[in-house]
2 protein chains.
Amino acid sequence: MSTPTMLSVTDVTACCAPLTRETIPVEQAIDLARALKALADPTRLRLISMVAASAGEEACACDLVEPTGLGQPTVSHHLKILTEAGFLTRSQRGTWAYFALVPGALDSVARLLVSA
Amino acid sequence: MSTPTMLSVTDVTACCAPLTRETIPVEQAIDLARALKALADPTRLRLISMVAASAGEEACACDLVEPTGLGQPTVSHHLKILTEAGFLTRSQRGTWAYFALVPGALDSVARLLVSA
DNA sequence: CTGGCGTATTGACGTTCATCGATATAGTCG
DNA sequence: CGACTATATCGATGAACGTCAATACGCCAG
């Protein structure tokens, strides 16, 4: 990938006004669109959901492949996208990789969509 | 388009549990992803924002082209996507087309992302 | 050190998407 | 009716995306 940058949700949510208050500037629109694009895939939504539903909001990658019905490289790819977008964290424990929800990341995006 | 179906946000938000409570079923993931995909574009986010910031939460298409810096067909295309996704309504008044926010549409999506 | 397993990366392929230019449709005014 | 304007549709093009098979990497057991 050309930009291994941590774009992360926190950039979007750091300062900014909700979508429906005033016309948002182009740059903020790009950031928010990037976060939403990371979420806008059925497999990735299910991965987030599965991680969230796991004990301690943490799940081993090995347990996430089979339920999706997709190949292991594909799941690894989706997990990478979600991690780089700031929705998941990755922690390696021995051979296994554990993914956990970033607290408040989803809420931050949701807050930008809501009017109040 | 092959599917002129009204998929609309209401389908997603009708019944369903938030993303982080339990593993969401595949079908619901597809619907939510479709709604998010409609939002996951900088131009479309700005269009929504511009409509929301307008008087009466309604804006003429003629006023939405220039601020985006894009061509008129492109803007028309984005407005169609947002309308078919259930975020905007279109009302023709004479030669002009006015677009308005669907009340609660954005909130419905936001509510699915949030944990509480 | 060697073999095996879990995970990530690479390269390729087909699909979807955003954008444009050209054109078609529809409504208004003279 | 005929010219003009606003909007939508069509066709094409280049980029981005999701998926897979093959492969590389990293860790552990023996």
Side-chain angles (χ1 to χ4, degrees), chain A residues 1-5 7 26 29-48 50-51 58-85 87-100, chain B residues 1-5 7 26 29-30 32-48 50-51 58-85 88-100:
Chain A
M1 191 176 300
S2 54
T3 52
T5 22
L7 21 97
V26 185
I30 292 175
D31 287 343
L32 180 53
R34 192 149 36 195
L36 289 171
K37 204 168 291 188
L39 294 175
D41 180 273
T43 302
R44 290 199 283 270
L45 288 175
R46 293 199 79 223
L47 286 173
I48 286 185
M50 289 162 59
V51 169
E58 192 184 50
C60 174
C62 56
D63 295 326
L64 298 174
V65 173
E66 185 268 338
T68 64
L70 299 176
Q72 174 269 323
T74 302
V75 174
S76 179
H77 172 238
H78 286 307
L79 289 171
K80 181 180 183 178
I81 288 180
L82 288 172
T83 303
E84 285 178 346
F87 292 107
L88 295 181
T89 57
R90 195 191 100 105
S91 66
Q92 186 105 16
R93 285 211 286 279
T95 312
W96 293 274
Y98 288 83
F99 291 86
Chain B
M1 191 173 299
S2 54
T3 52
T5 22
L7 21 96
V26 185
I30 292 175
L32 180 53
R34 193 152 33 198
L36 289 171
K37 204 168 293 189
L39 295 175
D41 179 273
T43 301
R44 290 198 284 270
L45 288 176
R46 292 199 79 222
L47 286 173
I48 287 185
M50 288 162 59
V51 170
E58 192 184 50
C60 174
C62 57
D63 295 325
L64 297 175
V65 173
E66 184 268 338
T68 63
L70 299 176
Q72 174 269 322
T74 303
V75 173
S76 179
H77 171 238
H78 285 308
L79 288 171
K80 180 180 183 179
I81 288 180
L82 288 172
T83 303
E84 285 179 346
L88 296 181
T89 58
R90 197 192 99 106
S91 67
Q92 186 107 16
R93 285 211 285 278
T95 311
W96 294 273
Y98 288 81
F99 291 86

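By convention in this document, chain letters (A, B, ...) are assigned in the order of the sequence lines, proteins followed by strands, and residues within each chain are numbered from 1. Note: hydrogens, waters and symmetry copies are ignored here, and every other heavy atom, side chains too, is used. These numbers were taken from a predicted model, which means no experiment stands behind them.
The shortest distance between the side-chain N/O atoms of B:R93 and the OP1/OP2 oxygens of D:dA6 is not below 4.0 Å. Regarding contacts with the backbone of D:dG18, a side-chain N or O of A:R44 is found under 4.0 angstrom from either OP1 or OP2. The side chain of B:T95 places no N or O atom within less than 4.0 Å of a non-bridging phosphate oxygen (OP1 or OP2) of D:dA6. The shortest distance between the side-chain N/O atoms of A:T43 and the OP1/OP2 oxygens of D:dT19 is below 4.0 Å. Close to D:dC20, at under 4.0 Å from its OP1 or OP2, lies a side-chain N or O of A:T74. Side-chain nitrogen and oxygen atoms of A:K80 include none within less than 4.0 Å of the OP1 or OP2 phosphate oxygen of C:dT7.
Sequence order on DNA chain D of the closest nucleotides to A:H78 and B:W96 puts B:W96 first from the 5' end. Where A:K37 and A:Y98 each meet DNA chain C at their nearest nucleotide, the meeting point lying more 5' is that of A:Y98.
Listed nucleotides: C:dC17, C:dA18, C:dG6. Nearest to the side chain of B:I81: C:dA18. Looking at the side chain of B:C60, the nearest of the listed nucleotides C:dT7, D:dT7, D:dA8 is D:dT7.
Nearest heavy atom pair, residue B:P42 against residue A:A29, reads O-CB, 3.7 Å. Between B:A85 and B:A38, the shortest heavy-atom distance links the atoms CB-CB, 3.6 Å.
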Requested in this report: Please report the C-alpha distance between A:M50 and A:L64 in whole Å, then the side-chain angles of each, then the deciding distance to 0.1 Å, and finally whether the side chain to side chain contact (heavy atoms under 4.5 Å, CB included) criterion is met.
Outcome: CA-CA 8 Å; A:M50 289 162 59; A:L64 298 174; 3.4 Å; yes

Report task. Could you check A:L36 against B:L45 for side chain to side chain contact (heavy atoms under 4.5 Å, CB included), going step by step and ending with a plain yes or no? Result -> CA-CA 10 Å; A:L36 289 171; B:L45 288 176; 4.0 Å; yes

Requested in this report: Given side chain to side chain contact (heavy atoms under 4.5 Å, CB included), test B:L39 with A:L32 step by step and report yes or no.
Outcome: CA-CA 9 Å; B:L39 295 175; A:L32 180 53; over 6 Å; no

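Put simply, CG on B:L82 is 16 Å from C1' on D:dA8, counting in whole angstrom units. Between the C1' atom of C:dT9 and the CD atom of A:E84 lies a distance of 12 Å, rounded to the nearest Å. Distance A:R90 CZ to D:dC25 C1': 11 Å, rounded to the nearest Å. Residue A:L47 contributes atom CG, which lies 13 Å from atom C1' of D:dG18 at whole-angstrom precision. The distance from atom CD of A:Q92 to atom P of C:dG6 is 13 Å, rounded to the nearest whole Å. Between the CG atom of B:L79 and the P atom of D:dA8 there is a distance of 7 Å, given to the nearest Å. Following rounding to the nearest Å, A:H77 (NE2) and C:dA8 (P) show an atom-to-atom distance of 12 Å. Between the CG atom of A:L36 and the C1' atom of C:dC17 there is a distance of 16 Å, rounded to whole Å.
The stretch residues 62-73 of chain B touches DNA chain D through B:C62, B:Q72, B:P73, each having a heavy atom under 4.0 angstrom from the strand.
For residues 59-78 of chain A, every residue pair satisfying the side-chain hydrogen bond (donor to acceptor under 3.5 Å, both in side chains) rule, not counting sequence neighbours, is listed here: A:R44-A:H78.
Taking CG of B:L79 as the start and OG1 of B:T43 as the end, the distance is 10.5 Å to the nearest 0.5 Å.
Residues B:I30 and B:V26 are in side-chain contact: their nearest non-hydrogen atoms beyond the backbone lie under 4.5 Å apart.
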